[in-house]
Asks: 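Provided herewith is a single structure, encoded as structure tokens, for subsequent inquiry.
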Amino acid sequence: MRDKYDFTAIESKWQKIWEEENAFKTYDDFSKEKYYVLEMFPYPSGKLHMGHVRNYSIGDVVARFKKMAGYNVLHPMGWDSFGLPAENAAIKNGIHPFTWTNQNMNDMREQLKSLGFSYDWDREVATCKPDYYRWMQWIFIQFYKKGLAYKKDNPVNWCPDCQTVLANEQVVDGCCERCHTPVTKKHLSQWYLKITDYADRLLNDLDNMPGWPEKVKAMQKNWIGRSEGAEVTFAIDGFDKDLVVYTTRPDTLFGVTYMVMSPEHPYVAELTEGTEYEAAVKAYVEASAHKSELERTSLTKEKTGEFIGRYAVNPVNGKKVPIYISDYVLMDYGTGAIMAVPAHDQRDFEFAKAFGLDIIPVVDVPDVDLDNLTEAAAAEGTMINSGDYTGMNNKEAIVKITADLEAKGLGHKTINYKLRDWLISRQRYWGTPIPMIWCEKCGWVPEDEHNLPVLLPTDVEFTGKGESPLTTSKTFRQCKCPKCGGDAEREIDTMDTFLDSSWYFLRYCDAHNEDAPFDPEKVNYWMNVDQYIGGVEHAILHLMYARFFQMVIHDLGLAEAEEPFNNLLTQGMVTKGYTDKDGNYIKAKMSKSLGNVVSPQEIQAKYGSDTARLFILFAAPPEKELDWSDEGVEGSYRFLNRVYRLVYEYINDIRGDQTSFPEPVVQNEADKSLNFMINATIKKVSEDAGGRFNFNTAIASIMEFVNEMYKYKQHSEMNLPLFNKAIETLLVVLNPFTPHITEEMWSQLGHEDRLYAKSWPKYDESALVKDEVEVIVQINGKLKDKLLMPNNSSKEATQEAAAGLSKVKEATEGKQIVKVIVVPNKIVNFVVR
RNA sequence: GCGGACGUGGUGGAAUUGGCAGACACGCCAGAUUUAGGUUCUGGUGCUAACGCGUGAAGGUUCGAGUCCUUUCGUCCGCACCA
């Protein structure tokens with residue numbers, strides 16, 4: 001054994017041994033209790049960053065700990081390997097996306113192995129490989145057959161830079177989430193998945209998911225955006241069709257002073273055709289169509305609109321009110337038209353002010369001057385100016401008015417969601433081909449399931465412009481209709497890559513199945529994922545799509561589980577402070593543009609993987625932000641050196657050739673306190689690493705243990721069997737965090753077995769019972785003195801001993817003791833006056 | 001505006017059930033080792049000269065509050081013209 005901690009040699013040695021020994025291969029042993037720990041698989045960009053290291057270090061500790069604790073652990077890794085960067089690299093450098101992606105997967109796999117993560121690489125999946133996307137296509141066809149996939153001509157979000165459509169979830173602040181170009185609307189025929197059919201289930205399940213962070217659940221609830229209200233029918237004066245609006249406030253119907261339709265509303269052209277208003281309305285409609293999402297939703301924007309020359313008839317009082325169009329009304333929510341109540345809705349209030357329209361209050365809101373409104377009074381109150389409803393509480397009025405409308409056939413209760421169906425077509429090459437065929441005679445027909453996969457063609461050109469690159473293939477598009485056998489054409493769009501990642505956790509359960517996406521028996525054994533770990537940036541997109549897929553797969557009878565992830569841990573960002581141009585110290589996410597990036601490779605080269613893992617787990621609790629600190633890394637490295645030296649000196653200077661020891665016997669006070677530490681550390685690490693996932697405090701307790709062992713080592717009469725036990729315990733409990741160094745020292749101690757295969761130690765409760773305990777003595781709740789008492793002394797004895805303390809006598813002298821609180825083994829509190 | 005989280009030393013953070021606030025680490029200070037620097041080891045380190053005071057602020061419940069309740073201020077994150 002070398003006297004210096006040579007992490008480079010140690011780490012490569014053990015990584016090789018683990019590989020040779022198939023240390024982390026997982027078997028489908030249904031008789032054992034399972035534990036499925038999953039980290040979000042990466043996009044193979046080619047390089048790991050600190051965020052990855054943190055994500056996977058957390059997962060690895062959990063996996064190694066649960067394995068030692070006796071579970072059959074599934075801990076897989078794979079690649080979310082379809083996506084734009086590969087295609088962009090192809091356009092730029094002329095490399096085929098697969099070549100580029102494959103190289104990156106190889107590079108990153110090596111980096112993951114160099115960090116000592118305990119993955120079962122035999123279950124690796126890559127979404128870009130035909131053996132995976134074949135089943136992606138199969139699943140898509142099942143969706144189609146169930147009526148959950150459809151093609152529709154719709155205005156869609158279009159990114160002019162990426163030259164592709166985007167799902168609503170991929171539009172951030174009106175811009176493309178990837179390239180930040182303002183998104184425009186375009187009419188295109190596109191494939192959708194009917195996620196809206198599952199809106200209620202996606203929402204309701206959230207209330208029964210205690211293992212998920214509140215924040216993520218709140219974000220999903222918000223996104224689904226359930227709203228209860230009513231549809232109300234207004235007649236349009238001199239027009240044969242009615243104007244239906246959605247409102248959450250039917251109680252304010254008597255306050256309607258005008259109506260607003262979205263510029264895209266289908267009636268607009270018809271209602272204005274041939275009238276003096278036609279030209280102005282047309283101009284407004286065109287102007288809104290050309291505006292980007294960003295311009296239309298800008299907060300600071302003044303309300304704009306046009307009167308269309310028509311009037312609607314209020315169903316509750318027959319009053320005629322003017323109809324406007326304005327882009328503050330969205331076509332794809334509700335009915336695309338609203339009744340405007342400026343007195344009680346802020347947006348309507350602003351519009352009414354801008355256009356000089358009437359403001360009629362119909363709900364008397366407490367503490368609001370209804371005659372001089374400066375903003376809309378949206379709160380609850382008592383109905384006024386509302387015919388028979390006047391005097392009612394407005395919440396009761398909502399129910400009553402809705403019921404009355406329904407009785408007259410002029411309205412009904414309804415529920416609306418913000419959630420839209422999921423647009424999944426992408427005009428790109430590097431994705432799963434949508435396995436659908438267009439036949440002039442039969443319409444859309446799914447590819448015959450026996451012909452899957454529909455392979456991506458290789459004879460394509462990458463220009464980055466216009467339609468999907470698949471159109472440039474000479475062989476891909478032409479095919480036969482699976483139904484009638486006639487000439488037909490394949491769909492040339494590919495799938496959003498978020499589909500690929502919506503079921504990969506199921507494929508891990510049975511990664512090489514060639515007859516099905518997975519064997520339900522295996523899935524039913526391994527699922528649910530017990531612990532899912534990843535970044536909060538996936539709170540909505542990935543985590544909701546995956547839940548949706550799991551529900552559909554359940555409904556298809558392919559799996560028992562309806563929700564995929566029992567527990568979710570969203571790890572915090574890795575930040576690093578930097579000094580800006582004004583000399584301010586700022587913490588920010590590591591990024592190239594800020595120049596505050598620390599690469600895992602440089603840390604591994606300087607300190608080794610064990611130090612990198614230890615620091616990242618020790619510096620902060622996993623869900624909190626972690627600020628990178630070079631001094632902190634030094635500290636972790638120092639600790640591992642301390643451990644190394646402790647064991648080295650033990651082997652060389654203390655233990656000699658002796659390698660087997662009898663069961664230790666505790667002989668004196670020093671032994672007793674070391675034995676206490678051995679057991680207290682096992683207990684603490686078991687609870688913190690196994691249950692709470694507070695790795696920082698688990699590591700802190702191991703550090704205390706090491707400090708204690710150094711102290712013990714200093715005194716001359718060492719109890720060798722006991723010290724040996726302490727050393728061995730240290731290596732076992734430290735192993736999940738820093739697997740290489742501990743494995744090396746374990747074998748240096750002369751052991752033939754491996755720590756990775758060892759059982760987690762049990763602690764001896766009796767060793768944690770002390771003979772004497774420290775009791776806090778307080779006067780009026782303030783600490784005055786401490787008292788050493790035999791363990792489990794009676795209340796009376798404790799109080800008596802406390803009362804005898806000179807500090808207590810002084811403090812109570814001449815005062816009346818009103819009350820004494822005694823909690824045995826803990827505290828005595830004298831209440832004096 | 002709506003929703004979520006948080007506020008503790010110079011710093012990262014402990015305090016799991018209402019019971020010694022500041023574990024562990026970083027940094028800093030002193031000493032030992034060393035030719036010296038570094039490494040390593042030992043000790044100290046919330047504030048205060050001290051009585052005491054201290055968990056963003058104010059109030060409350062309690063024998064006792066970082067922890068529970070009320071009010072308030074501040075920070076971070078997500079959503080937002082969704083009728």
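Chain letters run A, B, ... following the sequence lines, proteins first, then strands; residues in each count from 1. Below, all heavy atoms of this structure are taken into account, side chains as well, without hydrogens, waters or symmetry copies.
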Asks: Provide a list of protein-nucleic acid N or O atom pairs under 3.5 angstrom, restricted to nucleotides 77-79 of chain B.
Replies:
unit_1, atom_1, unit_2, atom_2, d
B/C77, O2', A/K215, NZ, 2.6

Asks: Roughly how far apart, to the nearest Å, are B/A57 and B/G7 at atom C1'?
Replies: 11 Å
Asks: Please determine whether a side-chain nitrogen or oxygen atom of A/R638 lies at a distance below 4.0 Å from atom OP1 or OP2 of B/G38.
Replies: no
Asks: Using the P atom on both, measure B/G22 against B/U72 and round to a whole Å.
Replies: 33 Å
Asks: OP1 or OP2 of B/U39 less than 4.0 angstrom from a side-chain nitrogen or oxygen of A/R642, does that happen here?
Replies: no
Asks: For B/A83, take OP1 and OP2 only and decide whether either is under 4.0 Å from a side-chain N or O of A/Y328.
Replies: no
Asks: Please write out each protein N/O paired with an N/O of nucleotides 11-13 of chain B under 3.5 Å, distance rounded to 0.1 Å.
Replies:
unit_1, atom_1, unit_2, atom_2, d
B/G12, O2', A/A619, O, 2.7
B/G13, O3', A/N696, ND2, 3.4

Asks: Specify the residue among A/D345 and A/S701 whose closest nucleotide of RNA chain B lies further upstream toward the 5′ end.
Replies: A/S701
Asks: Using the glycosidic torsion, which applies to B/G9: syn (within 90° of 0) or anti (everything else)?
Replies: syn
Asks: What donor-acceptor contacts under 3.5 angstrom involve side-chain atoms of residues 536-545 of chain A, with partners at least two apart or in another chain?
Replies:
unit_1, atom_1, unit_2, atom_2, d
A/H542, ND1, A/S501, O, 3.4
A/H542, NE2, A/Y532, OH, 2.7
A/Y545, OH, A/E169, OE1, 3.0

Asks: With distance as the sole criterion, do the side chain of A/K819 and the base of B/C63 form a donor-acceptor contact below 3.5 Å?
Replies: no
Asks: Please tell me which of A/M703 and A/E634 maps to the more 5' nucleotide of RNA chain B, matching each residue to the nucleotide holding its nearest heavy atom.
Replies: A/M703
Asks: Looking at A/R645, I'd like to know whether one of its side-chain N or O atoms comes within less than 4.0 Å of OP1 or OP2 on B/U39.
Replies: no
